[in-house]
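Handing you a structure now.
Just follow the structure's listing: the first ligand is 1, and inside any ligand the first atom is 1. Values below: every heavy atom of this structure, side chains too, minus hydrogens, waters and symmetry copies. Remember, it's a predicted structure, so these values are computed and weren't measured experimentally. Positions are given from 1, in the same order as the sequence printed here.
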Amino acid sequence: MSAELLRSADDKIIHNAYRKLLRTIKNPIEAADRRMIREAYELAVEAHRPQRRKSGEPYILHPLAVATICTEEIGLGPTAVVAALLHDVVEDTPITIEQVRDRFGTRVAQMVNGLTKLDSAYNAESAQAENFKKVLGTLVEDVRVVLIKMADRLHNMRTLGAMARQKQLKIAAETSYIYAPLAHRLGLYAMKTEFLDLCMKITEPESYHDIARKLADTKRERNRYINEFIKPLTPFLNDLGFPYKIYGRPKSIYSIWNKIQTKRVPFEEIYDLFAVRIVVDVPSEREKLACWQVYSIVTGVHTPLPERLKDWITVPKSNGYESLHTTVIGPQGKFVEVQIRSNRMDEIAERGFAAHWKYKGVNNQPDVFEQWLDSVREIMEDPTSNAVEFLDNFKDNNLFHEEIFVYTPKGELKILPEGATALDFAFSIHTDLGYRCTAVKVNNKLVPMGHKLNNGDQVQIIINKNQKPSEDWLKMVVTGKARSKIRSAVKEERRNLGEYGRETLMRKLSKFKLELTDEIADRLYRHFGYGSYVDLYYALYTEELTVERIFKEFMVEGNTLVEIPVRVEDNQLPPGRSVERKKDMSKARLSINGEPAERYSYTMATCCNPVQGDNIFAYITANATLKIHRTTCPNATNLMANYGYRIQKAEWVHTPGTTFVADLKITGIDDGPGVIERLTHAISSMLNLNIRTFSIAGDQGYFEGRVSLVVQNTDQLHIAMRRLEELPNVSTVERLM
Ligand code: MN
């Protein structure tokens, strides 16, 4: 094709995408908005004209798709569409934020600014975390910015195919680390599910396609069952006298895989591959009653499991989710989850935040989002938290958890994440109450500060003005707020005490006519493995590190200190775990970045012990060696999300006869001295595998064993785990990460 033809073909595709975008805007658009959208579109088309995506498409199709997701899947309005269309122009084209402000006003300019990545030079060490912090900063100002950011990420995830493998892994890690939990927190369930599915498609492609195929194969059978389940309900539902929808919804591939992993059952044995949903169409003042009527019909026909009733209608989740869930026993004795909700609740469940605003004020629900935004604001404003720590805090405790409801002595309701402790409660009321907390009464009984709260508890905090938080407190809390407050108090204390350590060092250096420069401090803390100057000075204060030791390993050269080179004899290597492993095991063949791994210095990560067949990647550690992690390793996600630029591609080169160590935890019922024999016998003779270490501990009729097995690949490992599980008395077998 000639350049001209190509361009006109592109123009057609682009114009169609634009028309599609306009069609997805449901509500009538005012003329002024329409003009603004048109203008943003034209500006973006021109600005991105020379760019193409990795897939070869014109770049502008990306902002158009993002804008379409904003309208179609999140339900955002014209201003958000304009910002979505312009979201990459400042970052990727000569257009400046001032030009955007001149043409589209301050609001749009602020949104586009929020969507523009920070200068990567800003903080190379944790650019991703800094970016996320910036995004959250805009969240508390204008939640639409975060919603557009999520749409941006969703489109990038949907079109990742053209990227290099390690880039895919990095983006998938960020997505499962940050965006999926955030989608959950914002009530965007459909988006969260898609994020996790797309991540799995990248990190576990074989399992993903395997489950997808099996789901397709069993679809007909499943539909037949759903019809059988629904049929006896319909006459009763029809009698209710209001419109409703009832249908079966397949569960996501990720959630099925998750179940296969955690329960260690094959696909064929997973019963809840779907849920039945009943959505009633009634005015908002009648919706609660209608939902309970439906509940009563369902449980009248199919026997419910009472402990599985979840009522998020009376008190919604703090991300706005409202629904009634129950599990009943359907035909053939199978468990079926049933979800009952109104149209309004359904829209909130699917579209989350944006839909929530639309219905704001309905039913006088307390504004749970506002409460949550307040807590985000508070974490944001903490000046002592660095970006990575901030992200950790935020992610761990604010996003995925289920919730409990507890009360102040005055009967005020507080929502906390499941697992929250009495001390968390104190911090959730007021920082000072947390700092001064000395004792706690739950339902009028004294309990330890780390006492786990239950739904409905009434909690009273007893304070003492001389109380001071210590590092141990971190073990007694789970919420981000409490953790970051305790950390900053502890840090403050360390910083103060560290001043003494710093002075000691300065005194010593001055004897050599040296000043304590950043360069010296930097070298020292890195050399001795501390996280920062503060930690270095504090270690000097506590004498964990001494000045004498520093001068054993460093010497003065010019106006600075340099490391004294150490000569390591082969036979002087410290006896480490990995060394011991290397000795008696043939090393598996790996390739790193397509080259034989022998060219690099690498070790297997001990957090996840990869074995041949696992999906893996290489990570460049701080001292420039490589560590091989599994793509599913929980640490790895963190590493990839925060330090994506350190990720390298690693693959197994198939070589028979190589071996690995995999650690298993086995639990079961201890019926006397035969247990160990049976297990070791099963492993060594039945499975013909070698055991490296084996320890077992029993308590009140239960045992817990830890076995390190030498295996050749994941297939062999999985067979071994299945066989062990089939042994009488064994209840669970899991692989330790
Ligand atoms: Mn983008």
Side-chain angles (χ1 to χ4, degrees), residues 10 13-14 17-18 20-21 24 37 40-74 76 79-97 99-100 104 108-120 122 127-128 130-139 142-164 167-168 170-175 177-180 182-183 186 188 191 194-195 198-199 202 641 644:
D10 279 352
I13 298 170
I14 294 168
Y18 178 61
K20 183 184 171 215
L21 165 66
T24 59
I37 292 172
Y41 164 67
E42 278 166 2
L43 177 84
V45 170
E46 273 319 306
H48 290 299
R49 178 79 74 194
Q51 279 178 281
R52 285 187 180 269
R53 304 194 79 208
K54 268 265 155 54
S55 59
E57 309 178 310
Y59 191 86
I60 183 66
L61 291 176
H62 166 65
L64 278 166
V66 172
T68 309
I69 293 171
C70 287
T71 55
E72 197 170 31
E73 297 175 45
I74 314 178
L76 293 173
T79 314
V81 170
V82 170
L85 286 171
L86 299 175
H87 82 268
D88 277 336
V89 294
V90 174
E91 193 174 320
D92 299 342
T93 80
I95 306 280
T96 64
I97 200 75
Q99 285 170 294
V100 173
F104 301 95
V108 170
Q110 271 172 355
M111 289 169 78
V112 172
N113 189 37
L115 290 161
T116 304
K117 277 199 205 109
L118 288 166
D119 185 356
S120 57
Y122 184 86
Q128 188 54 40
E130 287 289 355
N131 264 315
F132 183 66
K133 198 168 172 181
K134 181 180 173 190
V135 170
L136 279 177
T138 59
L139 171 115
D142 187 338
V143 71
R144 287 175 297 183
V145 177
V146 170
L147 296 174
I148 298 167
K149 187 95 194 159
M150 308 271 270
D152 182 24
R153 175 51 58 122
L154 184 59
H155 185 247
N156 285 333
M157 286 293 291
R158 282 176 182 169
T159 53
L160 259 187
M163 297 262 180
K167 193 112 197 241
Q168 292 185 358
K170 170 185 180 272
I171 294 177
E174 273 170 24
T175 304
Y177 192 71
I178 299 167
Y179 291 92
L182 194 55
L186 293 170
L188 294 155
M191 197 183 273
E194 190 174 346
F195 273 146
L198 289 168
C199 287
I202 291 160

From L147 CG over to I69 CD1, what is the distance, rounded to the nearest 0.5 angstrom? 12.5 Å
Quick check: does H155 put an N/O/S atom under 2.8 Å from the Mn ion (ligand 1)? no
Give a rough value, rounded to 10 degrees, for the angle at the Mn ion (ligand 1) between atoms OD1 of D152 and OD2 of D88. 160°
I'd like to know if the side chain of D88 pairs up with that of H48 as donor and acceptor (distance under 3.5 Å, no hydrogens or angles considered). no
For the Mn ion (ligand 1), give me the closest N/O/S atom belonging to H87, just the atom name.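 Result for H87 and the Mn ion (ligand 1): NE2.
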Could you tell me whether D10 and R49 make a salt bridge, using a distance below 4.0 angstrom between a side-chain N and a carboxylate O?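 Looking at D10 and R49, the cut-off is not met.
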Under a 4.0 Å N-O cut-off, is there an ion pair linking E73 with R158? yes
From the N, O or S atoms in H62, identify the one nearest to the Mn ion (ligand 1). NE2
